Amino acid sequence: MSGLELDIALDLPGFRLEVSQSFAPTGLTAVFGPSGSGKSSLLRVIAGLEARAQGRVGFDGQLWQEPGRFVAPHRRAIGYVFQDARLFAHLTVAGNLAYAERRARRAGRAPDRPGIVAALGLEGLLTRRPSGLSGGEAQRVAMARALMTAPRLLLMDEPLSALDDAAKGAILPYIEAIRDGMQVPVIYVSHSVSEVARLAHHIVMLEAGQVRRAGPAQDILSDPAAAPAFGIRAAGSVLRAKVLAHHDDGLSELTVAGGRLLVPGFAAAIGAEVRVRIAAQDVILSRSRPEGLSALNVLEGELTDLRQGQGPGVMVRLRMGADQDVLARITQRSARALSLAPGQRCFAVIKSLSIAPLDVGGSGAV
Amino acid sequence: MSGLELDIALDLPGFRLEVSQSFAPTGLTAVFGPSGSGKSSLLRVIAGLEARAQGRVGFDGQLWQEPGRFVAPHRRAIGYVFQDARLFAHLTVAGNLAYAERRARRAGRAPDRPGIVAALGLEGLLTRRPSGLSGGEAQRVAMARALMTAPRLLLMDEPLSALDDAAKGAILPYIEAIRDGMQVPVIYVSHSVSEVARLAHHIVMLEAGQVRRAGPAQDILSDPAAAPAFGIRAAGSVLRAKVLAHHDDGLSELTVAGGRLLVPGFAAAIGAEVRVRIAAQDVILSRSRPEGLSALNVLEGELTDLRQGQGPGVMVRLRMGADQDVLARITQRSARALSLAPGQRCFAVIKSLSIAPLDVGGSGAV
Amino acid sequence: MWSDAAPFPDLTPLWLTMRLAGISVVILLLVGTPLAWWLAQTRSRAKVAVEAITALPLVLPPTVLGFYLLVLLSPNSMLGGAWRDVTGTALTFSFTGLVVASVLYSLPFTVQPLQASFEAIGRHPMEAAASLGAGPMDRFFTVATPLALRGYLTAMVLSFAHTLGEFGVVLMVGGNIPGQTKVISIAIYEHVETLEYAQAHLLSAILLGISFVVLVAVYAANRRFPVHAG
Amino acid sequence: MWSDAAPFPDLTPLWLTMRLAGISVVILLLVGTPLAWWLAQTRSRAKVAVEAITALPLVLPPTVLGFYLLVLLSPNSMLGGAWRDVTGTALTFSFTGLVVASVLYSLPFTVQPLQASFEAIGRHPMEAAASLGAGPMDRFFTVATPLALRGYLTAMVLSFAHTLGEFGVVLMVGGNIPGQTKVISIAIYEHVETLEYAQAHLLSAILLGISFVVLVAVYAANRRFPVHAG
Amino acid sequence: ETATIAVATNFAEAAEDLITRFEAQADHRITLVTGSTGKLFAQIIEGAPFDAFLAADQARPARLEAEGRAVAGSRFTYGEGRLVLWSATPDAIGTDGAAVIRANDFEHLAIANPDLAPYGLAAKQALQGLGLWAMVKPKLVMGQNIGQAFSMVATGNADLGLVAKSYAISMRNRQPGRIWDVPEALYDPIRQDAVLLTPDNAAAREFLTYLKMPEARAVITGYGYHVE
Ligand SMILES: Nc1ncnc2c1ncn2[C@@H]1O[C@H](COP(=O)(O)OP(=O)(O)OP(=O)(O)O)[C@@H](O)[C@H]1O
Ligand SMILES: Nc1ncnc2c1ncn2[C@@H]1O[C@H](COP(=O)(O)OP(=O)(O)OP(=O)(O)O)[C@@H](O)[C@H]1O
Ligand code: MOO
Ligand SMILES: [Mg+2]
Ligand SMILES: [Mg+2]
């Protein structure tokens, strides 16, 4: 199975989008970039909604677009969550969902209606007209409608931007289930680093219509060079972990290279592989193993490099094992005070609870 | 000067908004609540856009609404950023801005056009039609248009939801300038805790059309009982601080009750009062003063109470001085291991860089 | 002039008219919809010309248009001749001819409002429908049509009413044959011309009354199933 | 029947017609706009009835409507009498009378498309304008009107074209007085009736040609300054 | 002085000719307004500014006179219309038009509406007189006036028409074809009356007087009308 292959150019008055990029056939690819960088335009090209786009679009061995050939949007079996909700004003919420479901079934795909309605909390809204929905409600309905197509490729344009954390927390597991359980590749536009960190296996960074960086989420999120683009506060590392135990006091224990981690309890089978994101700024460094602190997680590793950023910070990389790094962002002052230098053994102190629930996710297919 | 006084009820099919609340005459009041709780409806009532609303609305000594009296929306001198951008499709970006400016000037108010255009980064967009704007661009134009009314009261409905952190970082200081410099009260709907924490002097929490809590931001954000509503990860404390020095290595030093804090450098006069927000989950506790850590900030205080939450966490309150508390969220396991109990002297370890730039703001008029 | 006792007028023309108006409106919608849709979508340079041509039948006085249609549809003409060869009947002086004439004459009243409301929909809902797997015909009927309901209403009201009142064209092309092409507008006209004012008033009142009831029903239905804009 | 040499027809009726159509369209917009706006906004129960009544002038055959208008506007009637008392001139058989009749007859073509496009705007842009300090009149002219441009176009095209071609009403009310009330539709009609076909063709061609140019200009202008929907 | 004169459509061509001649010898200007007799009548009742009325029948001028809308005693017959059978197809009509109709080898026969137009009534009477009314009735198509009936024949949609002779022999008729004069015994004379509407308009009064002069009568005869 091959994924999405793009080699396209789109000229809009005063803006040019030029993307030549392969997307993984499974997992979630986050498209990240500043406002106006061409994220929505990219999704439109993939969906076949930009007649002006030049070039090639291929998906799963099929050519959707090449010179002289153009597969119409409705034949691409995509689900598209638009940045604006675009609900049908003449249909109720239930009617909007049924619109998608009917066509999916006709094409031989079977969406899980009750599951979607429940995941997005739409039970009470089904008889409403779109004009009677709040902003967040409309966004949830739009997402449900796209899911109701049971798509082969899911395009989501900032689907959670109008939602509060509680609603996001209810919806994200459902997106993960689609991403992993249904093996539907997802292309996900977002400007929320925590969403990207939790969900993405791959990241494509756009800037002014061009791909600036692209690659596995783990690499990009832990690459100090990429940090400025995400905002320095988003830098962090992603560790592969194995579930060791679930404890009575609500904590789950994981093994990672370099030690063990206690994280807020979550549902996963013992032995399952998961990913844990550790934000660089949540890591405290110590030359000696610290004692008497409330922080439960201390990992030991080798300091491989220090990189001076703009501002008062230094990004420090600790190697825990093959391919497993932890990033720590500390002040220059601290680095001097601790006389940090490459080659030293160091301890990373991580407050268990600063590993956000959002940041523990299924392993996906990185 | 008296602020906004509301005593209103609004019946929509299947939803009732009932709010009786005074809003401070200066500063920014964040309206916070889950999707569908009535935040947008509340703004609509204040703006005079809900003809169905019953009751009284008063602002600045004027009665905008009471039985038998209704001041039309265009006479209220408000600025309103709608949740959807609502730009005029028949005008360019410049035309949209001029529309607001012309009417403001006619009413004797003088908006700062170049300042607004610059703050929102609209220089390159002025000749565009709304249909040619990206989602974030449209949102910025909508915000600029509302600011161009030079309003006496600014209503903003999730104005930054479509924007990335970099754009937010550019816009927030401008909102602060309006809030403080122009003494325009702002009512600000948001579901972003970091925005609320940075900007709000007051918080009104809505739930199912009712006010659940209301009060100074500092109290509500540091009240463990309110934490669940914000999401446990949003809990934290706000300390009053005084700027002591700006150091060469890019750090600024503040005095707070309980000690000194080093934070990423920011612009403020020596001696100025600022507010510092410390997220409860970013605090590590220790019974003894810790040594050899990269973390620079250690505050000493008295443990006043421990509160067991849902899940594996415990919220611990340290009293630093009169009215100045630091909240720490740690695991039960740690609390047991450290044998924490009220009355003990404790040390709070705070990574300087976990005090987010967004969380250091002007002191406002709390 | 306002006589009180008068023989009750023959109502055959009324039913004939209703049939004509009904059939014409149906055909107008069938013909006008694709034309309006094309006009709303196309970026062709021909668009402006086609738009103008669509409105032109209105410009000619009905009787004169009727005269030209008489020439155009006559069995001696290419068009009328071909029709006769195929169907064995003439287009002129027949109910079918009336329908053709009415459709031509009322076409602008159907096309213009439909086009305007198709244009007002914009491309967003259609894009959403496409992304949900709806093909062009599918989304036309399930999205564009319901969203253009107000345009259909306007189109139907204008063309229905216009066909009822239309007279000059119908007279020329139809030949005023009782029971076949003598519609109510001709009947009322005749009563007026022959100074049978009482009967003219009565027929006018009936026509107005029925039309009023039909229109109120249509508008009330429209009010019950509105599309909530914004 | 298609003669080649014919005296060039008198063009006075053409200019008269253009004047009539121009003035009528202006008055129709002035009268139709508030009516359409009211209809688009109101939640009154009377709305449906008013909507239906607005369409009723269409239902009557033009000559018959003309006859009723003749009776209504005649100096012998209350209305026409009052007009004569105030202005010193009669409404019937005058250019003013023609304008009144044209406006009445073409009103539905103005009101219906305007109402439809006002309704399509929805309340959101108007709310935004109010929040920016625009009062009701202000926002009507600066927001509703430009957003309803397509409706104005339809209204103008339909009423302009209809006034050009209108004939029965005008003939009855105006009395076909050369230079005063003899509009081009009547002139063409007369040429046809009196077998002056060549002149009828010529006048028709001129009328169609001018109308085509006007319509193309209007549509092209509309294309140049479009409101981008969604 | 100027006068506005309302003339029934069928007489329009002749009236134009007469006005030209009249204006050449008198110091008056005449404005011609044409229309169907019924319409002109209704307009006169409602106060139309016409100074004289040349109708296509006798009934309406008489009624105007009776109702005091016309100058008493001014009414007179200016011409008598003649009915002919006419077809746009050359040779469709031989020497015996009645036989052509009787042969029933046509699809449509156009007449003016008998309820509205005097020529229509005459056509009906003629067909009844020939005993052919019931036979042709299903094939009749009707114009509201004689001009429309003529158009139906001229465009080839109706094979035959019973129309005013003035139309069939008009200089403007480009398909003269063959005509058959319907015997006068078959229909009541189509007397067309004129009446003065405003007593003090010299132009109108003099024009009506002119119509009775031999010169005018010759012109009228030339357009296919009978003048007593
Ligand atoms: N016209 C209406 N008819 C019926 N219900 C409505 C209407 N408008 C709003 N509501 C309902 O009122 C409730 C409050 O809506 P409101 O838009 O104020 O929510 P909100 O707090 O702004 O939510 P969000 O964060 O999702 O924008 C919602 O449940 C919504 O569905
Ligand atoms: N129809 C158009 N005409 C001209 N420019 C356009 C048009 N559509 C989009 N653009 C421009 O193309 C650029 C990319 O737009 P796009 O919507 O893809 O941005 P985006 O990355 O999705 O931004 P956001 O995060 O703000 O939604 C923007 O600068 C936008 O102004
Ligand atoms: O000239 Mo007539 O009166 O219409 O037949
Ligand atoms: Mg976008
Ligand atoms: Mg809202």
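This one's a predicted model, so the numbers in the text were calculated from it and none came from an experiment. Just so it is clear: chains get the letters A, B, ... in the order the sequence lines come, proteins before strands, and each one is counted from 1.
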Side chains of residues 49-57 of chain D: which donor-acceptor partners sit under 3.5 Å, not counting sequence neighbours?
from, atom 1, to, atom 2, distance (Å)
Glu51(D), OE2, Gln115(D), NE2, 2.6
Thr54(D), OG1, Val50(D), O, 2.6

- request: Look at Leu58(D), Thr17(D), Leu215(D) and state which one has the largest set of heavy-atom pairs under 4.5 Å with chain C.
  value: Leu58(D)

message: If I take atom OH from residue Tyr68(D) and atom CG from residue Leu208(C), how far apart are they, to the nearest 0.5 angstrom?
response: 8.0 Å

message: Using a 4.5 angstrom heavy-atom cutoff, name the option from Pro113(C), Pro108(C), Ala21(C), Ser204(C) with the most pairs to chain D.
response: Ser204(C)

- request: Please state whether the rings of His162(D) and Phe109(C) are parallel, tilted or perpendicular, taking 30° and 60° as the class boundaries.
  value: perpendicular

- prompt: Under a 4.5 Å heavy-atom cutoff, which of Val214(D), Leu207(D), Val213(D) has the most pairs with chain C?
  reply: Leu207(D)

- request: Give the intermediate values and the outcome of side-chain contact (heavy atoms from CB on, under 4.5 Å) for residues Leu203(D) and Val64(C).
  value: CA-CA 11 Å; Leu203(D) 267 190; Val64(C) 174; over 6 Å; no

Report all side-chain donor-acceptor pairs from residues 144-157 of chain C shorter than 3.5 Å, counting only partners two or more places apart or in another chain.
from, atom 1, to, atom 2, distance (Å)
Thr145(C), OG1, Phe140(C), O, 2.9
Arg150(C), NE, Glu119(D), OE1, 2.6
Arg150(C), NH1, Thr154(C), OG1, 2.7
Tyr152(C), OH, Thr33(C), OG1, 3.0
Thr154(C), OG1, Arg150(C), O, 3.1

